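Down below is the structure, laid out as structure tokens.
In this text the structure is predicted, and so the values were computed from the model without any measurement. Note: hydrogens, waters and symmetry copies are ignored here, and every other heavy atom, side chains too, is used.
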There are 2 protein chains.
Amino acid sequence: MVDHQARPGRPVTSVDVARHLGVSQSTVSLALSGAPRVSEATRQRVLDACDELGYRPVAAGRRLRTGRSNTIGLFVPKLGYEVFDRVLHGVREGLAAADDSVRWSVLIGSTDNDLHEQAALTDAVQAHDFDGLILAAVNEPDAGPLKRFAGRIVAIETAPPGVPRRSYDLDQAARTMLDVLLELGHRRIGHLSALPDKTAFAQQRQALVTAIGSSGTAGVSLLEADAADVTLEAGIDAIAPMLALPEAARPTAIVCDDSRLAAAVYAGAADERLTVPTDLSVICSHLDDVGRGIRPALTGLYRPAEAVGSLAALALVDAINGVPIDAEVLLPCELVAGDSVAPAPATTAR
Amino acid sequence: MVDHQARPGRPVTSVDVARHLGVSQSTVSLALSGAPRVSEATRQRVLDACDELGYRPVAAGRRLRTGRSNTIGLFVPKLGYEVFDRVLHGVREGLAAADDSVRWSVLIGSTDNDLHEQAALTDAVQAHDFDGLILAAVNEPDAGPLKRFAGRIVAIETAPPGVPRRSYDLDQAARTMLDVLLELGHRRIGHLSALPDKTAFAQQRQALVTAIGSSGTAGVSLLEADAADVTLEAGIDAIAPMLALPEAARPTAIVCDDSRLAAAVYAGAADERLTVPTDLSVICSHLDDVGRGIRPALTGLYRPAEAVGSLAALALVDAINGVPIDAEVLLPCELVAGDSVAPAPATTAR
DNA sequence: CTGAAAGCGCTTACAG
DNA sequence: CTGAAAGCGCTTACAG
């Protein structure tokens, strides 16, 4: 008797529910919002009728009226990285903890890390009325499509000018890795990064250079290699020439900016019959599930992704509510000791 | 002079643009939609004014009027898996290829693979008026919140009853893996899976049992182990007891339902001083970046995720447009030969 | 070629 | 405690 499968053309609306019960449409709306003015009996009848008719509020109606969607957008350059899942968990926690009485939901947009990055972001932002945006490692978004979000954006990792930021302390990460290597006697250090035009990677490169400059240790040389993509395959291609260098020129340790790149160094080392860590130390600035899967256990830094996500969410809710927020908060990364670093071969040889 | 930072309370609307130009609001709207009735000169003035004032259409307005958001939701149980990134790419391709003249955008929802799965899905679906939904490996969604999407859902991997499905042929995958192992003389086979209550994994378990039953080879024994989560750590915990069995009872080969679990078997084998593949063969039903990173190179099946995503998107667009679609299409997985399988030790020993 | 107007489904003052 | 009405910003017939 009741049509559960409302045809797409005409959804069940609050007017349908009202008519079904012989009450006014406003009563239905107020009952659902839990307003105190409607009697408990009426509220119950309304809830039952909604159930029976399969009523679901059309979000666009509320959005248009209130100007709020109670949804925030989390934009990432690519799905498939553990770190973004951890960020999302943090964001959810932050949203739940926000003293704000709204039940937020999060929708994710992937900018796809390619030429269409801008288009993907723009489309998704256009198509949906987010109350605010969190950009995680999204490369330098052009202000255009984001203009309407001025004051309602928080960025993680890279931030466009003027956008508040909650991120990892990459300088501390670089110093930590360098200290480990210098302590073990490494002086010829390789650096395998990727996507040189991406700000997120450019930052790490800069951090390592800075760390070397301010280390106070002389005679440290840095060899750079950039993978065309953040994949095992591209990493192997990029690191192979460096590992094929004669022993006297070859780095004794490689700093990797992604776990996939560390796996690539392991594979490349095996190809050259080099043993990790005795012939070659490997350290990674960004440990994740890929890095945890390889053996010997990878030494590296673990990002406080949940905490950063949570801080970003709390800041965003404040920003949305007009509460002033700090421009930048950086959280330190934790060193996880594995078995992928050892004293530099030259040092032990003498 | 122009206020680019529209305060959140009051966005720039088409009325503002119209007023600015001294034209009607409908002219602005029609100019933007590219209707032929507005003159080229007027259209240009409108576009310039929109730029100048920073006008961005409020999506809720259009949605309310047209009933369409031109957005589809892709729901996944968890971020951080390469396969979902590949599915997303396929979905985008399919959407672009749909003969449909609408510029679709995709927003992703993560159901978070936990107790709140349902809540997360519901929230996101409620908060946004998607025109349709693709559910990728989302566990048995209760029909409740999804009712309004009847006829506008396509599922990947697991599908609730009555929901059309585009997926991987897991039976073919199980048969292929089993054939490889039987051919090499393996008869005691272990199976490392995870999350036994998740349909996506239950399917793979069933497929393997079926494949053994119909293989025509007698004397095949199957030992099951289930990890509490799809992580290296949980995998090691789950497989350790099996690998600690006396040699006569220990499986000579392990089938893994995820690359993280295969990495766990590698780690567990190393703990027991077992060499892969001479002492223990490992094969994986789902190769991804984690699996590609470990050595010896993992033998396993590669899912046609892009193709499945694309089929799902095309089917969904048809469904949205009222075109009838097939209930189920399954695509075969490709066997990728690595170095992780070898003849069963017992066979070579005699 | 352009304008005035209706209406999508909500929330929320405003009357009773 | 409840109803009638306005209005959020769009798109799209309907007039001119």
With side chains defined as the heavy atoms from C-beta onward, is the minimum distance between A:Val58 and B:Asp129 less than 4.5 Å?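 With C-beta onward as the side chain, the pair touches.
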Does A:His20 reach the side chain of A:Asp16, with side-chain heavy atoms less than 4.5 Å apart?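 Result no, sub-4.5 Å side-chain heavy-atom pair not found.
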Side-chain N or O of [X] versus OP1/OP2 of [N]: is the shortest distance under 4.0 Å?
X	N	result
B:Ser24	C:dA4	no
A:Ser29	C:dT11	yes
A:Ser39	D:dT2	yes

Check the angle between the aromatic planes of A:Phe130 and A:Phe75 and answer parallel, tilted or perpendicular using the 30° and 60° thresholds.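 The arrangement is perpendicular - the two ring planes meet at more than 60°.
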Euclidean distance, B:Ile320 CD1 relative to B:Ile72 CD1, rounded to 0.5 Å: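 If I round to the nearest 0.5 Å, the distance is 7.0 Å.
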What distance do A:Thr13 atom OG1 and A:Gln25 atom CD have between them, rounded to the nearest 0.5 Å?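 A:Thr13 OG1 to A:Gln25 CD: 7.5 Å, rounded to 0.5 Å.
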Pairing residues for A:Asn70 by the side chain to side chain donor-acceptor pair (under 3.5 Å) criterion, not counting sequence neighbours: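 Partners of A:Asn70 by the side chain to side chain donor-acceptor pair (under 3.5 Å) criterion come out as none, since no residue qualifies.
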Testing the basics here: between [X] and [Y], what is the closest heavy-atom pair and its distance to 0.1 Å?
X	Y	result
B:Val83	B:Ala305	CG2-CB, 3.7 Å
A:Val12	A:Leu53	CG2-O, 3.5 Å
B:Ser310	B:Gly94	OG-CA, 3.6 Å

Over how many whole Å does the gap from [X] atom [atom1] to [N] atom [atom2] extend?
X	N	atom1	atom2	value
B:Asp16	D:dG9	CG	P	8 Å
B:Gln25	C:dG3	CD	C1'	10 Å
B:Arg56	D:dC8	CZ	P	22 Å
A:Leu21	D:dC1	CG	C1'	16 Å
B:Tyr55	D:dT11	OH	C1'	10 Å
A:Asp129	C:dG9	CG	P	17 Å
B:Leu32	C:dT2	CG	C1'	15 Å
A:Asn70	C:dT11	CG	P	11 Å

Applying a 4.0 Å non-hydrogen cut-off, can you work out what [X] is touching in the nucleic acid: base, sugar-phosphate, or nothing?
X	value
B:Thr42	sugar-phosphate
B:Val23	sugar-phosphate
A:Val38	sugar-phosphate
A:Thr27	sugar-phosphate
B:Thr66	sugar-phosphate

Dump the pairs, protein N or O against N or O of nucleotides 13-16 of chain D, anything under 3.5 Å, distances to one decimal.
none

Qualifying residue for side chain to side chain contact (heavy atoms under 4.5 Å, CB included) with A:Arg166, from A:Leu316, A:Val154, A:Leu330: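 Going through the options one by one, the only one that passes is A:Val154.
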Toward the 5' end of DNA chain C, which comes first, B:Gly22 or B:Gly61, by nearest nucleotide?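 Going by which nucleotide is closer to the 5' end, it is B:Gly22.
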B:Glu40 or A:Leu64, whichever maps to the more 5' nucleotide of DNA chain C: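 Residue closer to the 5' terminus by nearest nucleotide: B:Glu40.
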Secondary structure of DNA chain C per the Watson-Crick/G-U criterion (both distances under 3.5 Å; [ ] crossing, | other strand, . unpaired) is |||.||||||||.|||
